[in-house]
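Atoms considered below: every heavy atom in the structure, side chains included; atoms not considered: hydrogens, waters and symmetry mates. Order of the sequence lines fixes the chain letters, A, B, ..., with proteins taken first and strands second; residue numbering starts at 1 for each chain.
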4 protein chains.
Amino acid sequence: MRRRSLRIFIGLVLVGLSAGPAAAQLPNLYGPPISGDNAKKIAAAALAETRKNGWTMAVAVVDPAGELVYFEKVEGTQAASNTIAIEKARTAVRFKRPTKAMQDQLAAGGEGWRLLGLREAVPVEGGLPLLIDGKIVGAIGLSGGTSAQDGVSAAAGAAALK
Amino acid sequence: MRRRSLRIFIGLVLVGLSAGPAAAQLPNLYGPPISGDNAKKIAAAALAETRKNGWTMAVAVVDPAGELVYFEKVEGTQAASNTIAIEKARTAVRFKRPTKAMQDQLAAGGEGWRLLGLREAVPVEGGLPLLIDGKIVGAIGLSGGTSAQDGVSAAAGAAALK
Amino acid sequence: MRRRSLRIFIGLVLVGLSAGPAAAQLPNLYGPPISGDNAKKIAAAALAETRKNGWTMAVAVVDPAGELVYFEKVEGTQAASNTIAIEKARTAVRFKRPTKAMQDQLAAGGEGWRLLGLREAVPVEGGLPLLIDGKIVGAIGLSGGTSAQDGVSAAAGAAALK
Amino acid sequence: MRRRSLRIFIGLVLVGLSAGPAAAQLPNLYGPPISGDNAKKIAAAALAETRKNGWTMAVAVVDPAGELVYFEKVEGTQAASNTIAIEKARTAVRFKRPTKAMQDQLAAGGEGWRLLGLREAVPVEGGLPLLIDGKIVGAIGLSGGTSAQDGVSAAAGAAALK
């Protein structure tokens, strides 16, 4: 069941990535907050990917309200990533979409610039919603590498939720 | 009488939309705050349009000071829309113009980028001033769909004020 | 003496406008805060110009620290101008330059976008430093019209300081 | 030893400048906070360069947490530089990189615009991390001239740490 949700979710993400400007909130409802154990498992998978590549990053897992559930970082990560990892996760869960979709809209310019006027939005790749049984239970955020690297580690974390 | 005000208002909005860079504050004075009953009626019309199209949005109605009078949302709306709907309505009433006019100016780039430097402005379509007897009594803000969808629902709400 | 200061100031402004990207802080030192009487006189001149043109604006005069000394507005001015007029004046005095110079830098894009990253800056035309005897004693800020209109009224206000 | 660290650091900076979009956090760990004496020496060198060129600037030195250790300014510096110098230094230390790298990314537009969505970032040249024995012990920030001038004085300050 959870495996299926994840597949649906990944499908939606892929659709979102290809659709570009059509990026929209996921249709899924918010569920109960992700457990500390699950958050820890996800974060561990994200940091394993991070260390495998020799990157230095911070990882944050938040609940559906955007409140912090778990945080950890590789020794020596830039201090700014402490807040950015949380803000990416918070953006992903409160906008119900991968932050990369927002980064892509912003990068296109024109109407995309309006995203900089939304105070709750941190439109930077590296934040992904987390789903269990089709419900959004939280989000993961990575910061410390390039945005693309942050995205790779975030995806590795999200893939551990099955 | 109120019907005439609305017609004038819609006319002004259309002029504003076609004029582009000439977007300016409405000449109308601020009036007494919109009543809770009227706010509810407007919000209901906006959400009816929203549900008819299968969208998930939050709607906010504010008074001339930008303070919240009424708020409601479709089940499952992204949490960020809770604040964005209010901020769009607040922007529309405090700048006395549709937020789309500001989004258009920003999207043109150049001098338009200065809108991102105005702390009170959320230059994103979906906020509209509300007029009764030629006075601005508040504003409506929608968030949750694309900006254009938010604008459609906001217009449906404003049209119920007659 | 004051007349000469004003001429020097206007000269500097004109140089700044033509120099474009070279826009820099005025070399003048900060002086004692502008008096309430002078602030009132300047604001009156700015609002006279505003009313002559049929515009609706707010005017703010701040001291060298950016604190408000005087505020007044034309009936019916959009509420957002209450804070924007103050912020333009505050930007002009704390950056010791006309806010138009910052708007021009931003409008050029590229490195100019960095101005949006400066939290104290409101890079929007309509703010001008005020000088007496070669010292910066405060600034004036106008908001409510187009940026260019705000600039016209601000200049009319500054010209009354002689 | 410290001389070697500085050379490595300058090398990294040069690599960063040439690499452009590859700008990344320095691999160095955070060390103990820079001493007040060292901060004073660095600031003096930066202001000597500033005065030699006839510029008016503020200089700030912060510790690894971004907290202020030392602040001084040339008489007559624009008041906004008081906070901007600190924010540039804070950005340099918390992102572990020269702020010019971030300014360059932003100036390229596209994905670079996302830097404006990072609340801790002031992406403006003039901030440099400071290293002793290969550890980041703080950062220096200059403000008051053009960004390039700020960068020249900041480099003169950092070069005094040997």
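- Heavy atoms closer than 4.5 Å to chain B are found nowhere in C/Glu125, neither backbone nor side chain.
- With values rounded to the nearest 0.5 angstrom, B/Lys96 atom NZ is found 5.5 Å from C/Thr56 atom OG1.
- Here the closest heavy-atom approach between residue C/Gln78 and residue B/Gln25 is recorded as N-OE1, 2.9 Å.
- With a 4.5 Å cut-off on non-hydrogen atoms, C/Leu106 touches chain B through its backbone and its side chain both.
- Rounded to the nearest 0.5 Å, atoms CZ (B/Arg114) and NZ (C/Lys100) are 10.5 Å apart.
- For B/Arg90, no part lies near chain C; criterion is any non-hydrogen pair under 4.5 Å.
- Looking at every heavy atom in both residues, C/Pro123 comes nearest to B/Gly117 through CD-CA, 4.1 Å.
- Of all heavy-atom pairs spanning B/Trp113 and C/Ala107, the tightest one is CZ3-O, 3.5 Å.
- Once rounded to the nearest 0.5 Å, the distance linking CG of B/Leu115 with OG of C/Ser147 reads 8.0 Å.
- Contacts of B/Leu118 with chain C are made by side-chain atoms alone, with heavy-atom separations under 4.5 Å and no backbone atom involved.
- Interatomic distance, C/Asn82 CG to B/Glu120 CD, rounded to the nearest 0.5 Å: 8.0 Å.
- Among all heavy-atom pairs drawn from C/Thr77 and B/Tyr30, the shortest one is O-CE1, 3.6 Å.
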